[in-house]
Chemist: 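I'd like to ask some things about the structure below.
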Amino acid sequence: MATLRSLSPSAEHHNQSWPTYEDIYKKTIEIAKFLDLPRFPDITEDCYLHPNILCMKYLMEVNLPDEMNDLTCQVVKMTGIGEVDFLTFDPIAKMAKTVKYDVQAVAIIVIVLKLLFLLDDNLEWTLSNIAEKYNEKNKEDKPWFDFRKWYQVMKRSIDEKKQKWEEARAKYLWKSEKPLYHSSIDKGVVYKRREMVVNLQKQFSTLVDSVPTVEKKRPSSFQFNWTEGDSTRTCFHGHGLQGILKKKGQSLTTKNSLYWLSTQKFCRSYCKHVTTYEESNFSRSYQFIINLFSFLLRIKTSSLHEEVSLIEKRLFKAKYSKTKKKSRSRKGRK
């Protein structure tokens with residue numbers, strides 16, 4: 001029972017921060033193993049946690065074109081990360097691990113953005129110039145997706161969201177909404193004190209002209225709301241990828257034929273992390289994308305970069321095997 005007691009929070013302990021994504025992930029596996037839970041229900045294509053559906057959700061969240069969903073589905077298929085056995089959590093398996101569903105989905109979107117725009121602080125702006133010229137000349141047609149314009153809209157929106165979040169975090173009262181009492185005798189006294197404190201707080205907030213406490217909004221899985229026809233914030237959902245894709249036979253392919261790997265060298269298994277992420281080593285566009293999604297999920301940028309690298313490893317198996325062979329031949333020569 002000692003293990004169970006250590007997992008449960010003490011009544012006297014007052015939390016002063018939110019747990020990190022990584023901590024929750026690790027505890028989930030630990031508890032599932034401890035309770036000896038059976039295999040979880042299968043994650044199929046019609047399930048909310050499937051990457052195809054989550055990618056669609058996050059494309060909408062960050063105001064990217066709907067047409068990108070076809071490309072994210074292709075990446076899912078090519079890497080095999082949409083398979084039932086890969087996605088379904090089985091605590092009693094030899095190598096019990098659960099998929100970081102949301103992190104995986106946004107990592108796929110990052111890879112698709114790299115496939116389309118390269119994100120090298122050069123090509124994305126060249127393609128933006130082409131899209132801008134087309135949109136100016138063809139105002140009645142379906143607009144082409146302009147990466148620069150999207151970047152400006154998203155940067156402004158995310159900066160506003162970050163400021164509001166930091167303000168709300170600073171004002172947050174780390175106390176239970178329902179007062180705690182040790183016995184039924186104390187109940188009346190505790191509730192009366194709590195009521196008096198709340199009333200005093202309201203009176204003081206009125207005196208100092210502070211903004212009154214806003215009623216809690218209904219929970220939503222979306223942090224942004226993008227609507228067509230909004231003059232202040234452009235909605236890019238209906239924008240096309242014609243300026244970025246080209247026809248090759250009956251199928252479409254990206255005009256960009258280049259790609260750079262987020263990580264070419266992975267740490268050994270005994271290391272706590274499989275990749276390292278230092279912002280200064282990467283383009284500003286890539287940094288912005290990683291920071292954007294990391295803020296949305298409230299995770300470390302290094303965690304998202306790691307997930308991007310792991311999916312790239314599955315997507316570009318040939319490239320990784322070549323680099324391994326080269327490194328082995330170099331060692332042999334030495």
Side-chain angles (χ1 to χ4, degrees), residues 21 54-69 71-72 102-103 105-136 143-170 220-241 243-244 256 260 262 277-308:
Y21 188 100
L54 279 175
C55 282
M56 195 188 300
K57 186 246 181 191
Y58 283 109
L59 286 171
M60 291 172 68
E61 178 76 86
V62 296
N63 200 12
L64 285 166
D66 301 330
E67 289 180 17
M68 278 181 64
N69 192 48
L71 296 167
T72 57
D102 294 273
V103 182
V106 298
I108 293 163
I109 296 171
V110 173
I111 290 168
V112 169
L113 285 168
K114 284 176 71 179
L115 287 165
L116 292 171
F117 299 101
L118 194 59
L119 302 182
D120 66 340
D121 287 343
N122 184 21
L123 183 67
E124 59 268 42
W125 310 127
T126 304
L127 292 171
S128 295
N129 293 336
I130 295 166
E132 189 179 3
K133 284 175 184 176
Y134 175 86
N135 292 338
E136 283 176 5
W144 286 5
F145 179 68
D146 184 339
F147 184 89
R148 183 189 289 111
K149 198 173 180 183
W150 172 83
Y151 170 86
Q152 290 166 349
V153 169
M154 285 309 299
K155 189 169 189 321
R156 188 165 59 250
S157 299
I158 204 75
D159 285 347
E160 288 171 7
K161 184 67 72 176
K162 276 182 181 178
Q163 190 180 343
K164 285 178 183 177
W165 185 73
E166 283 167 8
E167 285 172 2
R169 193 182 171 94
S220 171
S221 61
F222 287 94
Q223 298 180 56
F224 292 103
N225 183 26
W226 308 99
T227 51
E228 295 285 350
D230 190 338
S231 56
T232 55
R233 298 190 308 171
T234 309
C235 177
F236 294 93
H237 292 158
H239 289 215
L241 300 175
I244 310 156
N256 167 44
W260 55 270
S262 301
Y277 177 69
E278 290 181 23
E279 284 197 342
S280 57
N281 294 336
F282 298 93
S283 64
R284 289 183 182 180
S285 296
Y286 182 74
Q287 288 176 41
F288 173 75
I289 301 293
I290 291 290
N291 286 325
L292 167 64
F293 282 116
S294 298
F295 173 74
L296 285 178
L297 298 181
R298 307 294 192 266
I299 59 171
K300 294 175 183 176
T301 50
S302 56
S303 299
L304 177 52
H305 173 78
E306 183 178 304
E307 192 68 27
V308 170

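Predicted model, so just to flag it, every value in this text is computed and none were measured. In this chain, residues are counted from 1 in sequence order.
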Chemist: Does K155, at its NZ atom, have more than 12 non-hydrogen atoms belonging to other residues, nucleotides or ligands within less than 6.0 Å?
Modeler: no

Chemist: Go through it in stages, so that I can follow the logic: the residues are L241 and L71, the test is side chain to side chain contact (heavy atoms under 4.5 Å, CB included), and I'd like the CA-CA distance, side-chain angles, deciding distance and then a yes or no.
Modeler: CA-CA 11 Å; L241 300 175; L71 296 167; 4.2 Å; yes

Chemist: On a heavy-atom basis, which atom in V308 and which in S262 lie closest, and how many Å separate them?
Modeler: CG1-OG, 3.5 Å

Chemist: Taking the side chain as C-beta and beyond, is there a heavy-atom pair between L296 and V106 under 4.5 Å?
Modeler: no

Chemist: Looking at NZ of K164 and NZ of K161, how far apart are the two atoms once the value is rounded to the nearest 0.5 Å?
Modeler: 6.0 Å

Chemist: Are the side chain of W226 and the backbone of E61 linked by a donor-acceptor contact shorter than 3.5 Å?
Modeler: yes

Chemist: Working note: L113 + M68, criterion side chain to side chain contact (heavy atoms under 4.5 Å, CB included); need CA distance, chi angles, decisive distance, verdict.
Modeler: CA-CA 9 Å; L113 285 168; M68 278 181 64; 3.8 Å; yes

Chemist: Quick check with a 6.0 Å cut-off and a 45 degree axis cone: is K162 positioned over the face of F295's six-membered ring?
Modeler: yes

Chemist: Taking all non-hydrogen atoms of both residues into account, name the closest pair between L115 and N256 and its distance.
Modeler: O-ND2, 3.0 Å

Chemist: Would you name the heavy atoms of A105 and C55 that are closest together and state the gap between them?
Modeler: O-SG, 3.5 Å

Chemist: Given side chains that start at C-beta, do those of N63 and F224 come closer than 4.5 Å, heavy atoms only?
Modeler: no

Chemist: How are the rings of Y134 and W144 set to each other: parallel, tilted or perpendicular (split at 30° and 60°)?
Modeler: parallel

Chemist: One pair to check against side chain to side chain contact (heavy atoms under 4.5 Å, CB included): T72 and I109. What are the steps and the verdict?
Modeler: CA-CA 6 Å; T72 57; I109 296 171; 4.2 Å; yes

Chemist: State, with a plain yes or no, whether a side-chain heavy atom of L64 is found less than 4.5 Å away from one of Y58.
Modeler: no

Chemist: Are any of the side-chain heavy atoms of F145 and L116 separated by less than 4.5 Å?
Modeler: no

Chemist: What heavy-atom pair brings V62 and M154 nearest, and what distance separates the two atoms?
Modeler: O-SD, 3.5 Å

Chemist: At their closest point, which heavy atom of M60 faces which heavy atom of H237, and how far apart are they?
Modeler: O-NE2, 3.0 Å

Chemist: Do the ring planes of F147 and F117 sit parallel (below 30°), tilted (30 to 60°) or perpendicular (above 60°)?
Modeler: tilted

Chemist: Could you check whether any side-chain N or O of E132 sits under 3.5 Å from a backbone N or O of D146, counting only pairs where one atom can act as donor and the other as acceptor?
Modeler: no

Chemist: Can you find a heavy atom in the side chain of I290 that is under 4.5 Å from one in the side chain of Y277?
Modeler: yes

Chemist: Given 3.5 Å as the limit, does a donor-acceptor pair link the side chain of E307 with the main chain of V103, or not?
Modeler: no

Chemist: First locate atom CD1 of I244, then atom CG of L127, and finally report the distance between them rounded to the nearest 0.5 Å.
Modeler: 6.5 Å

Chemist: Rounded to the nearest 0.5 Å, how far does NZ of K149 lie from NE2 of H239?
Modeler: 6.5 Å

Chemist: Between CZ of F288 and CG of L119, what distance do you get to the nearest 0.5 Å?
Modeler: 11.0 Å

Chemist: Can you check whether D121's main-chain N or O pairs, donor with acceptor, with S283's side chain at less than 3.5 Å?
Modeler: no

Chemist: Measuring from N281:CG to Q287:CD, what's the distance to the nearest 0.5 Å?
Modeler: 9.0 Å

Chemist: Nearest 0.5 Å please: distance from the NZ atom of K57 over to the CG atom of N69.
Modeler: 14.0 Å

Chemist: For the residue pair R148 and N129, establish whether any side-chain heavy-atom pair is separated by less than 4.5 Å.
Modeler: yes

Chemist: In terms of relative ring orientation, are Y286 and W260 parallel, tilted or perpendicular, with 30° and 60° separating the classes?
Modeler: perpendicular

Chemist: Flag the pair E279 / N291 as yes when at least one side-chain heavy-atom distance between them is below 4.5 Å, and no otherwise.
Modeler: yes

Chemist: Apply side chain to side chain contact (heavy atoms under 4.5 Å, CB included) to D66 and L59, showing your working.
Modeler: CA-CA 7 Å; D66 301 330; L59 286 171; 6.0 Å; no

Chemist: Considering only heavy atoms from C-beta outward, does the side chain of Y151 approach that of E124 to under 4.5 Å?
Modeler: no

